*Asks:* 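Let me begin by handing over the structure; questions about it come next.
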There are 2 protein chains.
Amino acid sequence: METSKESGKNALIEYIEQYMPLTSEEKSSLEGLNLFREYKKGEVLLKEGAYSKETYFVLKGCLRSYYIHDAEEITTEFYTELEGVSPACSQTDEASEYFIDCVEDSLVSVGTQDMEEDMFQKFPRFESLCRILSEKLLLKQQTAMVNYKTSSPEQRYLQLMETNPGLVHRVPQYQIASYLGIKPESLSRIRKRIMQKAFSAHHH
Amino acid sequence: METSKESGKNALIEYIEQYMPLTSEEKSSLEGLNLFREYKKGEVLLKEGAYSKETYFVLKGCLRSYYIHDAEEITTEFYTELEGVSPACSQTDEASEYFIDCVEDSLVSVGTQDMEEDMFQKFPRFESLCRILSEKLLLKQQTAMVNYKTSSPEQRYLQLMETNPGLVHRVPQYQIASYLGIKPESLSRIRKRIMQKAFSAHHH
DNA sequence: GGTGTTTCTTAACCAAAGTCAACGAGAGTA
DNA sequence: TACTCTCGTTGACTTTGGTTAAGAAACACC
(Lines give C-alpha, C1' and ligand atoms only; values in the text may rest on other atoms or scores of the structure.)
Protein backbone atom coordinates (compact mmCIF):
# COMPACT_ATOMS: atom_id res chain seq x y z
CA MET A 1 0.00 0.00 0.00
CA GLU A 2 1.90 3.05 -1.19
CA THR A 3 0.01 5.63 0.82
CA SER A 4 0.89 4.20 4.23
CA LYS A 5 4.50 3.89 3.19
CA GLU A 6 4.57 7.51 2.11
CA SER A 7 3.22 8.66 5.42
CA GLY A 8 5.77 6.36 7.02
CA LYS A 9 8.61 8.31 5.49
CA ASN A 10 7.21 11.52 6.80
CA ALA A 11 6.73 10.07 10.26
CA LEU A 12 10.36 8.98 10.39
CA ILE A 13 11.65 12.34 9.24
CA GLU A 14 9.38 14.18 11.62
CA TYR A 15 10.64 12.00 14.41
CA ILE A 16 14.24 12.86 13.66
CA GLU A 17 13.42 16.54 13.31
CA GLN A 18 12.21 16.56 16.91
CA TYR A 19 15.88 16.40 17.78
CA MET A 20 17.57 18.05 14.84
CA PRO A 21 16.25 19.99 11.83
CA LEU A 22 17.25 18.32 8.57
CA THR A 23 18.47 19.88 5.34
CA SER A 24 16.61 18.81 2.21
CA GLU A 25 19.73 16.95 1.14
CA GLU A 26 19.68 14.96 4.36
CA LYS A 27 15.99 14.30 3.98
CA SER A 28 16.30 12.95 0.49
CA SER A 29 19.21 10.74 1.54
CA LEU A 30 17.07 9.34 4.31
CA GLU A 31 14.12 8.79 2.01
CA GLY A 32 16.39 7.11 -0.48
CA LEU A 33 17.81 4.50 1.81
CA ASN A 34 14.95 3.70 4.06
CA LEU A 35 13.08 0.56 3.48
CA PHE A 36 9.55 0.07 4.58
CA ARG A 37 8.24 -3.39 5.29
CA GLU A 38 4.94 -4.80 6.43
CA TYR A 39 4.83 -7.69 8.87
CA LYS A 40 1.97 -9.93 9.90
CA LYS A 41 1.05 -10.60 13.50
CA GLY A 42 3.29 -13.33 14.87
CA GLU A 43 6.06 -12.90 12.31
CA VAL A 44 9.55 -13.12 13.74
CA LEU A 45 11.86 -10.31 12.61
CA LEU A 46 14.92 -11.39 14.52
CA LYS A 47 15.78 -14.85 15.81
CA GLU A 48 18.08 -15.81 18.64
CA GLY A 49 21.40 -16.83 17.13
CA ALA A 50 21.03 -14.62 14.06
CA TYR A 51 23.73 -12.19 12.98
CA SER A 52 21.31 -9.59 11.66
CA LYS A 53 22.48 -6.03 11.12
CA GLU A 54 18.98 -4.62 10.83
CA THR A 55 17.46 -1.90 12.94
CA TYR A 56 13.75 -1.19 13.13
CA PHE A 57 11.56 1.83 13.52
CA VAL A 58 7.86 1.17 14.11
CA LEU A 59 5.45 3.28 12.08
CA LYS A 60 2.32 1.31 12.83
CA GLY A 61 1.65 -1.71 14.97
CA CYS A 62 3.67 -3.24 17.76
CA LEU A 63 6.91 -5.20 18.02
CA ARG A 64 8.22 -7.04 21.01
CA SER A 65 11.64 -8.27 22.08
CA TYR A 66 12.02 -11.36 24.22
CA TYR A 67 14.53 -13.85 25.48
CA ILE A 68 13.91 -17.55 25.87
CA HIS A 69 15.13 -18.51 29.31
CA ASP A 70 14.52 -22.03 30.63
CA ALA A 71 12.07 -22.61 27.79
CA GLU A 72 10.08 -19.55 28.86
CA GLU A 73 9.64 -16.29 27.01
CA ILE A 74 10.86 -13.26 28.91
CA THR A 75 9.50 -10.15 27.26
CA THR A 76 11.91 -7.25 27.67
CA GLU A 77 10.22 -4.49 25.73
CA PHE A 78 7.32 -3.49 23.53
CA TYR A 79 7.83 -1.06 20.68
CA THR A 80 4.87 0.82 19.31
CA GLU A 81 4.31 3.75 16.96
CA LEU A 82 7.36 6.01 16.57
CA GLU A 83 9.66 3.85 18.62
CA GLY A 84 12.88 2.33 17.32
CA VAL A 85 14.91 -0.77 18.11
CA SER A 86 18.62 -1.25 17.47
CA PRO A 87 19.18 -4.85 18.51
CA ALA A 88 22.43 -5.60 20.30
CA CYS A 89 23.61 -7.88 17.49
CA SER A 90 23.28 -5.09 14.92
CA GLN A 91 26.19 -3.40 16.66
CA THR A 92 28.39 -6.18 17.95
CA ASP A 93 29.19 -8.87 15.36
CA GLU A 94 27.74 -11.34 17.80
CA ALA A 95 24.76 -13.63 17.52
CA SER A 96 21.53 -12.19 18.84
CA GLU A 97 20.60 -13.37 22.30
CA TYR A 98 16.96 -12.59 21.82
CA PHE A 99 14.00 -12.54 19.48
CA ILE A 100 11.92 -9.77 18.04
CA ASP A 101 8.44 -10.56 16.82
CA CYS A 102 5.32 -8.82 15.74
CA VAL A 103 2.47 -8.47 18.24
CA GLU A 104 0.08 -7.18 15.60
CA ASP A 105 0.24 -6.43 11.87
CA SER A 106 2.83 -3.68 11.58
CA LEU A 107 4.52 -1.25 9.23
CA VAL A 108 8.20 -0.93 9.99
CA SER A 109 11.12 1.07 8.61
CA VAL A 110 14.15 -1.19 8.37
CA GLY A 111 17.71 0.11 8.38
CA THR A 112 21.05 -1.65 8.17
CA GLN A 113 24.46 -1.08 9.72
CA ASP A 114 25.92 -0.27 6.28
CA MET A 115 23.37 2.42 5.63
CA GLU A 116 24.02 3.83 9.06
CA GLU A 117 27.76 4.06 8.45
CA ASP A 118 27.20 5.68 5.08
CA MET A 119 25.03 8.26 6.74
CA PHE A 120 27.59 8.89 9.49
CA GLN A 121 30.16 9.37 6.75
CA LYS A 122 28.09 11.74 4.68
CA PHE A 123 26.42 13.56 7.56
CA PRO A 124 28.50 13.47 10.75
CA ARG A 125 25.64 15.16 12.58
CA PHE A 126 23.85 11.83 12.50
CA GLU A 127 26.49 10.32 14.68
CA SER A 128 25.91 13.08 17.24
CA LEU A 129 22.21 12.38 17.06
CA CYS A 130 22.77 8.68 17.60
CA ARG A 131 25.00 9.33 20.58
CA ILE A 132 22.40 11.60 22.10
CA LEU A 133 19.56 9.15 21.46
CA SER A 134 21.63 6.33 22.86
CA GLU A 135 22.37 8.30 26.00
CA LYS A 136 18.71 9.21 26.30
CA LEU A 137 17.77 5.57 26.04
CA LEU A 138 20.34 4.67 28.65
CA LEU A 139 18.79 7.12 31.09
CA LYS A 140 15.36 5.71 30.37
CA GLN A 141 16.66 2.23 30.99
CA GLN A 142 18.28 3.28 34.25
CA THR A 143 15.16 4.90 35.63
CA ALA A 144 13.18 1.86 34.53
CA MET A 145 15.53 -0.24 36.60
CA VAL A 146 15.14 1.92 39.68
CA ASN A 147 11.41 1.90 39.21
CA TYR A 148 11.41 -1.84 38.92
CA LYS A 149 13.51 -2.29 42.03
CA THR A 150 11.42 0.01 44.16
CA SER A 151 7.97 -1.24 43.30
CA SER A 152 5.95 -4.40 43.76
CA PRO A 153 4.49 -6.35 40.83
CA GLU A 154 1.09 -4.83 41.60
CA GLN A 155 2.52 -1.31 41.55
CA ARG A 156 4.34 -2.06 38.32
CA TYR A 157 1.12 -3.21 36.73
CA LEU A 158 -0.70 -0.09 37.87
CA GLN A 159 2.15 2.04 36.53
CA LEU A 160 1.94 0.30 33.19
CA MET A 161 -1.80 0.92 33.08
CA GLU A 162 -1.15 4.59 33.68
CA THR A 163 1.73 5.17 31.32
CA ASN A 164 0.52 2.90 28.56
CA PRO A 165 -3.09 1.94 29.07
CA GLY A 166 -3.52 0.74 25.51
CA LEU A 167 -0.81 -1.87 25.72
CA VAL A 168 -2.71 -4.10 28.11
CA HIS A 169 -5.39 -4.57 25.48
CA ARG A 170 -3.10 -4.94 22.49
CA VAL A 171 -0.88 -7.58 24.02
CA PRO A 172 -1.56 -11.05 25.49
CA GLN A 173 -1.47 -11.16 29.27
CA TYR A 174 1.26 -13.75 29.54
CA GLN A 175 3.55 -11.39 27.63
CA ILE A 176 2.66 -8.55 29.96
CA ALA A 177 3.31 -10.85 32.91
CA SER A 178 6.85 -11.73 31.89
CA TYR A 179 7.43 -8.07 31.07
CA LEU A 180 6.49 -7.28 34.67
CA GLY A 181 8.69 -10.09 35.92
CA ILE A 182 5.92 -12.34 37.22
CA LYS A 183 3.99 -15.46 36.24
CA PRO A 184 0.70 -15.23 34.33
CA GLU A 185 -1.15 -16.71 37.30
CA SER A 186 0.14 -13.94 39.51
CA LEU A 187 -0.88 -11.26 37.08
CA SER A 188 -4.32 -12.80 37.02
CA ARG A 189 -4.57 -12.58 40.79
CA ILE A 190 -3.22 -9.04 40.81
CA ARG A 191 -5.90 -7.99 38.34
CA LYS A 192 -8.51 -9.61 40.51
CA ARG A 193 -7.21 -7.86 43.60
CA ILE A 194 -7.27 -4.51 41.84
CA MET A 195 -10.83 -5.08 40.64
CA GLN A 196 -11.94 -5.96 44.15
CA LYS A 197 -10.29 -2.87 45.59
CA ALA A 198 -11.92 -0.70 42.94
CA PHE A 199 -15.26 -2.33 43.71
CA SER A 200 -15.10 -1.89 47.47
CA ALA A 201 -13.84 1.68 47.04
CA HIS A 202 -16.90 2.27 44.93
CA HIS A 203 -19.09 1.20 47.83
CA HIS A 204 -16.69 3.23 49.92
CA MET B 1 50.47 12.28 46.31
CA GLU B 2 51.97 12.95 42.89
CA THR B 3 52.90 9.37 42.09
CA SER B 4 49.39 7.98 42.32
CA LYS B 5 48.06 10.82 40.17
CA GLU B 6 50.71 10.13 37.53
CA SER B 7 49.75 6.47 37.39
CA GLY B 8 46.15 7.65 37.24
CA LYS B 9 46.77 9.48 34.00
CA ASN B 10 48.28 6.40 32.49
CA ALA B 11 45.40 4.24 33.65
CA LEU B 12 42.90 6.55 31.98
CA ILE B 13 44.82 6.65 28.71
CA GLU B 14 45.32 2.91 28.75
CA TYR B 15 41.64 2.48 29.30
CA ILE B 16 40.76 4.59 26.27
CA GLU B 17 43.37 2.83 24.16
CA GLN B 18 41.55 -0.46 24.72
CA TYR B 19 39.01 0.93 22.31
CA MET B 20 41.02 3.29 20.15
CA PRO B 21 44.76 3.94 19.82
CA LEU B 22 45.60 7.58 20.57
CA THR B 23 48.02 9.91 18.84
CA SER B 24 50.51 11.68 21.08
CA GLU B 25 48.65 14.91 20.40
CA GLU B 26 45.44 13.37 21.70
CA LYS B 27 47.23 11.96 24.71
CA SER B 28 48.73 15.26 25.71
CA SER B 29 45.35 16.99 25.30
CA LEU B 30 43.83 14.41 27.60
CA GLU B 31 46.60 14.76 30.14
CA GLY B 32 46.28 18.50 30.01
CA LEU B 33 42.60 18.68 30.80
CA ASN B 34 42.10 15.86 33.20
CA LEU B 35 41.79 16.64 36.79
CA PHE B 36 42.57 14.14 39.48
CA ARG B 37 40.93 14.40 42.83
CA GLU B 38 41.10 12.40 46.02
CA TYR B 39 37.96 11.80 48.05
CA LYS B 40 37.52 10.44 51.56
CA LYS B 41 35.19 7.60 52.38
CA GLY B 42 31.69 8.96 52.81
CA GLU B 43 32.23 12.14 50.81
CA VAL B 44 29.38 13.06 48.50
CA LEU B 45 30.47 13.93 44.96
CA LEU B 46 27.03 14.61 43.56
CA LYS B 47 23.88 15.61 45.44
CA GLU B 48 20.29 15.16 44.42
CA GLY B 49 19.09 18.48 43.00
CA ALA B 50 22.54 19.60 41.85
CA TYR B 51 23.19 20.78 38.31
CA SER B 52 26.68 19.36 38.14
CA LYS B 53 28.34 18.87 34.77
CA GLU B 54 31.06 16.61 36.11
CA THR B 55 31.83 13.11 34.99
CA TYR B 56 33.97 10.68 36.97
CA PHE B 57 36.42 7.96 36.20
CA VAL B 58 37.55 5.82 39.12
CA LEU B 59 41.27 5.13 39.32
CA LYS B 60 41.34 3.74 42.84
CA GLY B 61 38.61 3.08 45.38
CA CYS B 62 34.88 2.79 44.93
CA LEU B 63 32.01 5.15 44.17
CA ARG B 64 28.34 4.45 44.44
CA SER B 65 25.22 6.01 42.95
CA TYR B 66 21.95 5.95 44.84
CA TYR B 67 18.49 7.44 44.92
CA ILE B 68 16.62 8.40 48.04
CA HIS B 69 13.14 6.95 47.74
CA ASP B 70 10.72 7.16 50.67
CA ALA B 71 13.61 8.17 52.91
CA GLU B 72 15.52 5.05 51.91
CA GLU B 73 18.69 4.76 49.91
CA ILE B 74 18.36 2.74 46.73
CA THR B 75 21.81 1.89 45.45
CA THR B 76 21.83 1.65 41.68
CA GLU B 77 25.46 0.98 40.90
CA PHE B 78 28.96 0.62 42.25
CA TYR B 79 31.93 1.95 40.32
CA THR B 80 35.35 0.58 41.03
CA GLU B 81 38.79 0.76 39.42
CA LEU B 82 38.70 1.69 35.72
CA GLU B 83 34.98 2.36 35.61
CA GLY B 84 33.43 5.68 34.65
CA VAL B 85 30.22 7.51 35.51
CA SER B 86 28.51 10.16 33.43
CA PRO B 87 25.60 11.22 35.62
CA ALA B 88 22.35 11.97 33.86
CA CYS B 89 22.47 15.62 34.92
CA SER B 90 25.86 16.12 33.28
CA GLN B 91 24.09 15.71 29.96
CA THR B 92 20.64 17.12 30.42
CA ASP B 93 20.55 20.58 32.04
CA GLU B 94 18.31 19.06 34.66
CA ALA B 95 18.81 18.63 38.37
CA SER B 96 20.31 15.33 39.39
CA GLU B 97 17.81 12.80 40.69
CA TYR B 98 20.40 10.86 42.59
CA PHE B 99 23.54 10.99 44.69
CA ILE B 100 27.04 9.74 44.16
CA ASP B 101 29.20 9.12 47.15
CA CYS B 102 32.44 7.50 48.05
CA VAL B 103 32.38 4.00 49.54
CA GLU B 104 36.08 4.10 50.39
CA ASP B 105 38.92 6.60 49.99
CA SER B 106 39.25 7.04 46.24
CA LEU B 107 41.28 8.62 43.48
CA VAL B 108 39.05 9.91 40.72
CA SER B 109 39.56 11.62 37.39
CA VAL B 110 36.99 14.38 37.02
CA GLY B 111 35.87 15.70 33.66
CA THR B 112 33.39 18.41 32.71
CA GLN B 113 30.92 18.87 29.89
CA ASP B 114 32.94 21.81 28.53
CA MET B 115 36.10 19.75 28.34
CA GLU B 116 34.17 17.02 26.63
CA GLU B 117 32.80 19.35 23.98
CA ASP B 118 36.25 20.82 23.38
CA MET B 119 37.57 17.34 22.86
CA PHE B 120 34.73 16.44 20.48
CA GLN B 121 35.55 19.60 18.57
CA LYS B 122 39.28 18.98 18.35
CA PHE B 123 39.10 15.23 17.95
CA PRO B 124 35.83 14.06 16.41
CA ARG B 125 36.92 10.48 16.96
CA PHE B 126 36.14 11.00 20.62
CA GLU B 127 32.50 11.45 19.82
CA SER B 128 32.51 8.11 18.00
CA LEU B 129 34.14 6.55 21.02
CA CYS B 130 31.53 8.02 23.31
CA ARG B 131 28.73 6.76 21.12
CA ILE B 132 30.21 3.30 21.14
CA LEU B 133 30.75 3.33 24.90
CA SER B 134 27.28 4.64 25.46
CA GLU B 135 25.77 1.90 23.33
CA LYS B 136 27.90 -0.66 25.13
CA LEU B 137 26.62 0.62 28.44
CA LEU B 138 23.07 0.47 27.19
CA LEU B 139 23.48 -3.19 26.28
CA LYS B 140 24.99 -3.89 29.67
CA GLN B 141 22.06 -2.20 31.34
CA GLN B 142 19.57 -4.15 29.25
CA THR B 143 21.10 -7.50 30.06
CA ALA B 144 21.26 -6.47 33.71
CA MET B 145 17.53 -5.85 33.56
CA VAL B 146 16.82 -9.26 32.03
CA ASN B 147 19.03 -10.89 34.59
CA TYR B 148 17.24 -9.09 37.34
CA LYS B 149 13.82 -10.09 36.08
CA THR B 150 14.67 -13.72 35.62
CA SER B 151 16.34 -14.38 38.94
CA SER B 152 15.40 -14.44 42.58
CA PRO B 153 17.14 -12.27 45.16
CA GLU B 154 19.11 -15.31 46.26
CA GLN B 155 20.25 -16.02 42.72
CA ARG B 156 21.16 -12.38 42.25
CA TYR B 157 23.30 -12.46 45.35
CA LEU B 158 25.07 -15.60 44.17
CA GLN B 159 25.64 -14.00 40.77
CA LEU B 160 27.12 -10.93 42.41
CA MET B 161 29.43 -13.13 44.48
CA GLU B 162 30.62 -14.76 41.28
CA THR B 163 31.03 -11.73 39.07
CA ASN B 164 32.34 -9.39 41.74
CA PRO B 165 33.35 -11.31 44.85
CA GLY B 166 35.40 -8.44 46.23
CA LEU B 167 32.48 -6.03 46.35
CA VAL B 168 30.68 -7.86 49.12
CA HIS B 169 33.60 -7.17 51.42
CA ARG B 170 34.26 -3.61 50.35
CA VAL B 171 30.70 -2.40 50.71
CA PRO B 172 28.23 -2.37 53.65
CA GLN B 173 25.56 -5.05 53.42
CA TYR B 174 22.65 -2.67 53.50
CA GLN B 175 23.99 -1.05 50.33
CA ILE B 176 24.36 -4.44 48.69
CA ALA B 177 20.82 -5.27 49.79
CA SER B 178 19.24 -2.26 48.14
CA TYR B 179 21.38 -2.88 45.08
CA LEU B 180 19.83 -6.37 44.91
CA GLY B 181 16.39 -4.89 45.44
CA ILE B 182 15.77 -6.34 48.90
CA LYS B 183 15.86 -5.33 52.56
CA PRO B 184 18.97 -5.83 54.69
CA GLU B 185 17.10 -8.37 56.85
CA SER B 186 16.35 -10.45 53.79
CA LEU B 187 19.94 -10.37 52.64
CA SER B 188 20.93 -11.56 56.06
CA ARG B 189 18.53 -14.49 55.79
CA ILE B 190 19.70 -15.28 52.29
CA ARG B 191 23.30 -15.38 53.45
CA LYS B 192 22.31 -17.71 56.25
CA ARG B 193 20.40 -19.97 53.86
CA ILE B 194 23.38 -20.15 51.54
CA MET B 195 25.70 -21.00 54.42
CA GLN B 196 23.39 -23.77 55.56
CA LYS B 197 23.15 -25.21 52.08
CA ALA B 198 26.94 -25.11 51.73
CA PHE B 199 27.25 -26.80 55.13
CA SER B 200 24.80 -29.60 54.45
CA ALA B 201 26.30 -30.13 50.99
CA HIS B 202 29.61 -30.55 52.75
CA HIS B 203 28.15 -33.37 54.80
CA HIS B 204 26.35 -34.39 51.67
C1' DG C 1 38.65 2.08 77.77
C1' DG C 2 34.07 3.59 77.63
C1' DT C 3 30.12 5.45 75.19
C1' DG C 4 27.16 5.87 71.52
C1' DT C 5 26.11 5.11 66.72
C1' DT C 6 25.86 2.35 62.85
C1' DT C 7 25.52 -2.15 60.90
C1' DC C 8 24.18 -6.88 61.03
C1' DT C 9 21.51 -10.73 62.74
C1' DT C 10 17.45 -13.19 64.65
C1' DA C 11 12.70 -14.27 65.52
C1' DA C 12 7.64 -14.10 64.89
C1' DC C 13 4.11 -12.89 62.02
C1' DC C 14 1.98 -11.45 57.64
C1' DA C 15 1.32 -10.73 52.71
C1' DA C 16 2.28 -11.97 48.24
C1' DA C 17 4.35 -14.60 44.50
C1' DG C 18 5.67 -19.37 42.85
C1' DT C 19 4.07 -24.07 41.86
C1' DC C 20 1.00 -27.57 40.45
C1' DA C 21 -3.17 -28.92 38.83
C1' DA C 22 -7.68 -28.37 37.05
C1' DC C 23 -11.08 -25.97 34.56
C1' DG C 24 -13.31 -22.88 31.21
C1' DA C 25 -13.77 -19.58 27.37
C1' DG C 26 -12.61 -18.51 22.71
C1' DA C 27 -10.39 -19.05 18.10
C1' DG C 28 -9.41 -21.84 14.50
C1' DT C 29 -9.88 -26.25 12.03
C1' DA C 30 -11.54 -30.57 10.36
C1' DT D 1 -20.72 -29.68 15.32
C1' DA D 2 -17.03 -31.56 17.52
C1' DC D 3 -12.04 -31.32 18.32
C1' DT D 4 -7.98 -29.03 19.52
C1' DC D 5 -4.95 -25.45 21.16
C1' DT D 6 -4.04 -21.40 23.42
C1' DC D 7 -4.94 -18.32 26.95
C1' DG D 8 -6.71 -16.84 31.14
C1' DT D 9 -8.58 -17.95 35.69
C1' DT D 10 -9.00 -20.32 40.16
C1' DG D 11 -7.76 -23.04 44.21
C1' DA D 12 -4.64 -25.38 47.54
C1' DC D 13 -0.26 -25.36 49.16
C1' DT D 14 4.72 -23.88 49.60
C1' DT D 15 8.30 -20.59 49.63
C1' DT D 16 10.14 -16.29 50.23
C1' DG D 17 10.41 -11.54 51.17
C1' DG D 18 8.51 -7.48 54.03
C1' DT D 19 7.64 -5.72 58.68
C1' DT D 20 8.46 -4.95 63.33
C1' DA D 21 11.05 -5.28 67.23
C1' DA D 22 14.90 -6.67 69.83
C1' DG D 23 19.49 -7.63 70.61
C1' DA D 24 24.54 -8.45 69.22
C1' DA D 25 28.66 -6.94 66.95
C1' DA D 26 31.63 -3.66 64.88
C1' DC D 27 33.18 0.91 64.57
C1' DA D 28 34.14 5.67 65.62
C1' DC D 29 34.91 9.28 68.61
C1' DC D 30 35.73 11.29 72.92
Side-chain angles (χ1 to χ4, degrees), chain A residues 40-44 62 64 66 68-75 78 101-105 148-161 167-200, chain B residues 40-44 62 64 66 68-75 78 101-105 148-161 167-200:
Chain A
K40 289 270 166 231
K41 173 177 173 177
E43 261 189 271
V44 176
C62 179
R64 159 188 166 251
Y66 60 99
I68 293 201
H69 188 269
D70 299 337
E72 264 185 294
E73 291 181 6
I74 310 293
T75 298
F78 298 102
D101 75 359
C102 211
V103 174
E104 34 183 56
D105 294 359
Y148 192 93
K149 274 191 194 172
T150 58
S151 56
S152 67
E154 177 168 338
Q155 290 172 318
R156 290 199 290 271
Y157 180 70
L158 289 169
Q159 279 172 28
L160 183 65
M161 295 277 281
L167 207 62
V168 180
H169 303 110
R170 291 170 81 167
V171 171
Q173 303 256 346
Y174 75 95
Q175 291 178 9
I176 301 275
S178 78
Y179 178 66
L180 295 175
I182 56 178
K183 302 285 160 192
E185 297 94 323
S186 296
L187 180 54
S188 207
R189 274 182 304 214
I190 286 171
R191 283 158 55 83
K192 196 181 175 188
R193 247 185 355 240
I194 291 171
M195 296 290 276
Q196 285 172 346
K197 281 183 199 167
F199 181 74
S200 60
Chain B
K40 289 271 163 227
K41 172 176 175 177
E43 261 188 90
V44 176
C62 179
R64 159 188 167 249
Y66 60 100
I68 294 201
H69 188 269
D70 298 338
E72 265 185 292
E73 292 181 5
I74 310 292
T75 298
F78 297 102
D101 75 358
C102 212
V103 173
E104 36 184 55
D105 294 359
Y148 192 92
K149 274 191 196 171
T150 59
S151 56
S152 66
E154 177 168 336
Q155 291 172 318
R156 291 200 289 272
Y157 180 70
L158 289 169
Q159 278 172 29
L160 183 65
M161 295 277 281
L167 207 64
V168 181
H169 303 109
R170 292 171 80 168
V171 171
Q173 304 257 343
Y174 75 95
Q175 292 179 7
I176 301 276
S178 78
Y179 178 67
L180 296 175
I182 56 177
K183 301 288 160 190
E185 297 92 324
S186 297
L187 179 54
S188 211
R189 269 185 308 216
I190 287 170
R191 285 158 54 84
K192 196 180 174 185
R193 260 201 322 259
I194 291 172
M195 296 291 276
Q196 285 170 347
K197 280 181 197 167
F199 181 73
S200 61

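Only a predicted model underlies this, so the values are computations on that prediction, with no experimental measurement involved. Throughout, a chain's letter reflects where its sequence line sits, starting with A, and its residues are numbered from 1.
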*Asks:* Given atom CZ of Arg156(B) and atom P of dT16(D), what is their separation to the nearest angstrom?
*Replies:* 14 Å
*Asks:* Measure from the side-chain N and O atoms of Ser178(A) to the backbone N and O of Thr75(A), and report whether any donor-acceptor pair falls under 3.5 Å.
*Replies:* yes
*Asks:* If I take atom CZ in residue Arg191(B) and atom P in nucleotide dT16(D), what distance separates them, rounded to the nearest angstrom?
*Replies:* 18 Å
*Asks:* Going by heavy atoms closer than 4.0 Å, what residues in residues 167-180 of chain B are next to DNA chain C?
*Replies:* Pro172(B), Gln173(B), Tyr174(B)
*Asks:* Rounding to an integer number of Å, can you tell me how far Gln155(B) CD sits from dT15(D) P?
*Replies:* 16 Å
*Asks:* Can you give one letter per nucleotide of nucleotides 12-28 of chain C, going 5' to 3': B for a protein heavy atom under 4.0 Å from the base, S for sugar-phosphate only, - for none?
*Replies:* B---SSBBB--------
*Asks:* OP1, OP2 of dA11(C) versus side-chain N and O of Lys192(B): anything below 4.0 Å?
*Replies:* yes
*Asks:* With a 3.5 Å distance limit and no angle check, can you tell me whether Tyr157(B) reaches the backbone of Ala177(B) through a side-chain donor-acceptor pair?
*Replies:* no
*Asks:* Let's go through Tyr66(A) and Gln175(A) carefully: what are the C-alpha distance in whole Å and the side-chain angles of both, what is the deciding distance for side-chain contact (heavy atoms from CB on, under 4.5 Å) to 0.1 Å, and is it a yes or a no?
*Replies:* CA-CA 9 Å; Tyr66(A) 60 99; Gln175(A) 291 178 9; over 6 Å; no
*Asks:* Say you draw a straight line from CG of Leu187(B) to OH of Tyr174(B); how long is it, rounded to the nearest 0.5 Å?
*Replies:* 13.0 Å
*Asks:* I'd like to know if Lys40(B) pairs up with Asp105(B) as an ion pair, taking the criterion as any Lys NZ or Arg NE/NH1/NH2 lying under 4.0 Å from an Asp or Glu carboxylate oxygen.
*Replies:* yes
*Asks:* Quick check: does any side chain N or O of Arg156(B) sit under 3.5 Å from a backbone N or O of Leu180(B), one acting as donor and the other as acceptor?
*Replies:* yes
*Asks:* Grab the two heavy atoms, one from His69(A) and one from Ile74(A), that are nearest each other, plus how far apart they are.
*Replies:* CB-CG1, 3.8 Å
*Asks:* Tell me every residue that passes side-chain contact (heavy atoms from CB on, under 4.5 Å) with Glu104(A), counting only those two or more places apart in sequence or in another chain.
*Replies:* Cys62(A), Arg170(A)
